[in-house]
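To find a chain, count down the sequence lines: A is the first, B the second, and so on, and within it residues start at 1.
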Amino acid sequence: EDKVVQSPLSLVVHEGDTVTLNCSYEVTNFRSLLWYKQEKKAPTFLFMLTSSGIEKKSGRLSSILDKKELFSILNITATQTGDSAVYLCAVANAGGTSYGKLTFGQGTILTVHP
Amino acid sequence: DTEVTQTPKHLVMGMTNKKSLKCEQHMGHRAMYWYKQKAKKPPELMFVYSYEKLSINESVPSRFSPECPNSSLLNLHLHALQPEDSALYLCASSQAVAVSETQYFGPGTRLLVL
């Protein structure tokens, strides 16, 4: 069974801090890893990673994948209160009847205080 | 435009009621998904439709009945639900299961079963 584990489960920081969120996975047929941000309702897409060692960046957020060690990190620099959310990591399966299925981790709850 | 819309936003129903959740996207996506999300838990996949055909059913009880009338619409028919079915129901879409696994989520329907 596919498994995605995120750490830490929750994190409290102050504005301006830098945070690193972790995601490790065990998937039978890995296709890609995705990061989402979920505030009140819908998860919003942040990054999709398919290749090891290539950093993806969007403003203050960046992410990288290590397919050998089976993990990814999401970095947020100069955090703001608007970054407070649940950050979800998900892995896409490339095999058989599970093709296209996303398996989510349990999420990291990030709280940024002013 | 990466918008997926869902109606209604909130729904309260009794255990003997029949209701439907609706999801719509106009991005030309050919894969659509239903997820169930309980409080403080990640989304759990329920169904996947690919080119209007059901491709994944994650052993969901028959009181949940999905329908994909055309490539833009996805319904979830509810009948004889239980209180434990109360959750946020999220719809998502992607270009196609075989093309892109970046799924875009709708805002969800918050369901309460009394």
Side-chain angles (χ1 to χ4, degrees), chain A residues 1-10 21 23-25 27 29-51 56 58 63 65 72 85-111, chain B residues 1-10 23-25 27 29-51 53-60 87-111:
Chain A
E1 187 178 325
D2 296 346
K3 192 174 174 186
V4 179
V5 177
Q6 292 184 243
S7 64
L9 292 181
S10 66
L21 310 183
C23 176
S24 63
Y25 61 90
V27 178
N29 288 289
F30 176 87
R31 185 166 171 204
S32 63
L33 185 144
L34 297 91
W35 285 97
Y36 287 88
K37 176 183 181 182
Q38 186 172 26
E39 294 172 88
K40 299 271 190 221
K41 289 218 174 162
T44 52
F45 172 72
L46 296 175
F47 299 111
M48 183 177 76
L49 304 154
T50 54
S51 302
K56 293 218 170 176
S58 177
S63 184
L65 174 68
S72 173
V86 177
Y87 289 84
L88 293 165
C89 172
V91 173
N93 194 302
T97 56
S98 294
Y99 197 78
K101 176 181 173 181
L102 287 184
T103 300
F104 283 87
Q106 67 272 60
T108 293
I109 303 170
L110 175 64
T111 303
Chain B
D1 181 13
T2 55
E3 189 178 24
V4 176
T5 59
Q6 290 186 243
T7 55
K9 290 183 181 177
H10 301 275
C23 174
E24 191 166 4
Q25 56 86 16
M27 296 178 277
H29 289 175
R30 302 308 298 270
M32 295 185 78
Y33 310 78
W34 279 116
Y35 288 86
K36 173 182 177 180
Q37 187 175 26
K38 301 283 270 186
K40 300 189 190 301
K41 298 285 187 185
E44 292 176 28
L45 182 66
M46 298 174 73
F47 302 104
V48 179
Y49 272 84
S50 178
Y51 293 89
K53 287 190 167 55
L54 184 65
S55 63
I56 294 179
N57 177 341
E58 291 286 283
S59 303
V60 179
L88 180 67
Y89 287 85
L90 293 164
C91 172
S93 71
S94 64
Q95 282 188 339
V97 168
V99 172
S100 167
E101 54 281 325
T102 302
Q103 295 179 19
Y104 297 94
F105 285 82
T109 294
R110 196 164 294 280
L111 173 68

Search all heavy atoms of [X] against all heavy atoms of [Y] and return the closest pair with its distance.
X: Pro43(A); Y: Leu90(B); result: CD-CD1, 3.9 Å
X: Pro42(B); Y: Gly105(A); result: CB-O, 3.0 Å
X: Ala42(A); Y: Gly106(B); result: CB-O, 2.7 Å
X: Leu34(A); Y: Thr102(B); result: CD2-CA, 3.8 Å

Next item on the list: Name all pairs fulfilling the side chain to side chain donor-acceptor pair (under 3.5 Å) condition that reach into residues 36-51 of chain A, sequence neighbours left out, sorted by first residue then second.
Entry: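 Only Gln38(A)-Gln37(B) qualify under side chain to side chain donor-acceptor pair (under 3.5 Å).
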
Margin query: What I'd like to find out is whether the side chain of Pro43(B) reaches to under 4.5 Å of the side chain of Leu88(A), using heavy atoms alone.
Written below: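 Result yes, sub-4.5 Å side-chain heavy-atom pair found.
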
Notebook entry, point to check: Highest number of heavy-atom pairs under 4.5 Å with chain A: which of Cys91(B), Ala92(B), Gly108(B), Pro107(B)?
Noted result: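 Ranked by contacts with chain A, first place is Pro107(B).
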
Next item on the list: Can you establish whether the number of heavy atoms outside Lys38(B) located under 6.0 Å from its atom NZ is more than 12?
Entry: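 Counting neighbours around NZ of Lys38(B), more than 12 heavy atoms of other residues, nucleotides or ligands fall under 6.0 Å, so yes.
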
Next item on the list: Give the C-alpha distance, both sets of side-chain angles, the deciding distance and a yes or no for side-chain contact (heavy atoms from CB on, under 4.5 Å) between Tyr35(B) and Leu102(A).
Entry: CA-CA 10 Å; Tyr35(B) 288 86; Leu102(A) 287 184; 3.7 Å; yes

Margin query: To the nearest 0.5 Å, what is the distance between NZ on Lys101(A) and CG on Leu45(B)?
Written below: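 Rounded to the nearest 0.5 Å, the NZ-CG separation comes out at 6.5 Å.
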
